[in-house]
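Heads up: the structure comes next, in structure tokens.
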Amino acid sequence: HALEVHAHISLLERNVVVGDRRQIDVLRRLVRAIRLADLFVANGFGMEEFLGEPVRRANPKIRIVETAHGVRPIREGHNDPAKGTHGGKGHDHGDVNPHTWVSPRNAILQVREIEKALSEARPVSAHAFRRNADAYVSRLSALAAEFEAAAKTFRLVLQSALLTFQ
């Protein structure tokens with residue numbers, strides 16, 4: 001079976017245990033890609049906070065684009081014992097829930113931020129970026145409409161159940 005290799009990846013400043021050498025190659029390609037990139041697309045709201053400095057160190061000229069820029073933050077409850085733990089796995093993000101993409105309406109805002117950043121970086125391709133973003137936004141809008149219809153149905157069923165119960 002594959003030899004377990006312990007590698008220190010300086011970009012991430014963490015000891016990474018990998019199952020085989022192919023995983024090290026993937027990490028090396030990632031570091032190389034960051035060094036050559038113009039943009040680093042991130043969610044924001046602290047989701048990738050640990051990557052900020054290492055990415056800037058690998059490529060001081062890179063522009064980090066936080067796609068959640070236009071999204072209204074959802075504040076986490078201070079009294080919620082499960083706050084940010086992802087089922088007790090100790091994965092705390094602080095007071096703001098950074099998982100913005102799970103809402104199709106928020107994902108639409110994030111797609112537009114990506115489109116804007118790509119268009120600024122490569123104006124010659126702005127039309128293609130717009131066309132692709134529009135197509136994806138159309139799919140996300142349909143999904144949002146499905147979610148909203150399901151929520152409306154659920155609310156009606158819940159109201160009916162509450163009226164019946166009272």
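Keep in mind the model is a prediction, meaning the values are calculated, not measured.
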Kindly list each side-chain donor-acceptor pair under 3.5 angstrom involving residues 138-146, sequence neighbours excluded, with atom names and distances?
unit_1, atom_1, unit_2, atom_2, d
Ser141, OG, Val137, O, 2.9

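- The side-chain heavy atoms of Arg112 and His69, taken from C-beta on, include no pair separated by under 4.5 Å.
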Steps toward side chain to side chain donor-acceptor pair (under 3.5 Å) verdict (Glu113, Thr67): CA-CA 5 Å; Glu113 286 293 324; Thr67 63; over 6 Å; no

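- Contact detail for Pro73 and Phe45: the closest heavy-atom pair is CB-CZ, 3.8 Å.
- Here the side chains of Leu118 and Glu115 are not in contact, with every heavy-atom distance at 4.5 Å or above.
- Asp38 and Arg122 are joined by a salt bridge, as a carboxylate oxygen and a charged side-chain nitrogen come within less than 4.0 angstrom of each other.
- For Arg32, there are no side chain to side chain donor-acceptor pair (under 3.5 Å) partners at least two apart in sequence or on another chain.
- Of the possible donor and acceptor atoms, none in the side chain of Ser125 sits under 3.5 Å from a partner among the backbone N and O of Ala128.
- One hydrophobic cluster, built from ILVMFWY side chains closer than 4.5 Å, holds both Phe129 and Val65.
- Scanning for salt bridge (Lys or Arg N to Asp or Glu O under 4.0 Å) contacts around Arg131 gives an empty result, with sequence neighbours left out.
- Follow the hydrophobic side-chain contacts under 4.5 Å out from Ile64 and you never reach Leu39; the two are in separate clusters.
- Residues Ile62 and Leu30 share a single hydrophobic cluster, defined by chaining ILVMFWY side chains whose heavy atoms lie under 4.5 Å apart.
- In plain terms, the two heavy atoms of Gly70 and Leu109 that are nearest each other are O-CD1, 3.6 Å.
- Looking only at side-chain heavy atoms (C-beta outward), Gln110 and Val71 come within less than 4.5 Å of each other.
- A distance of 4.5 Å separates CD in Glu148 from CZ in Arg105, rounded to the nearest 0.5 Å.
- Atom CD of residue Glu66 and atom OG1 of residue Thr100 lie 10.5 Å apart, to the nearest 0.5 angstrom.
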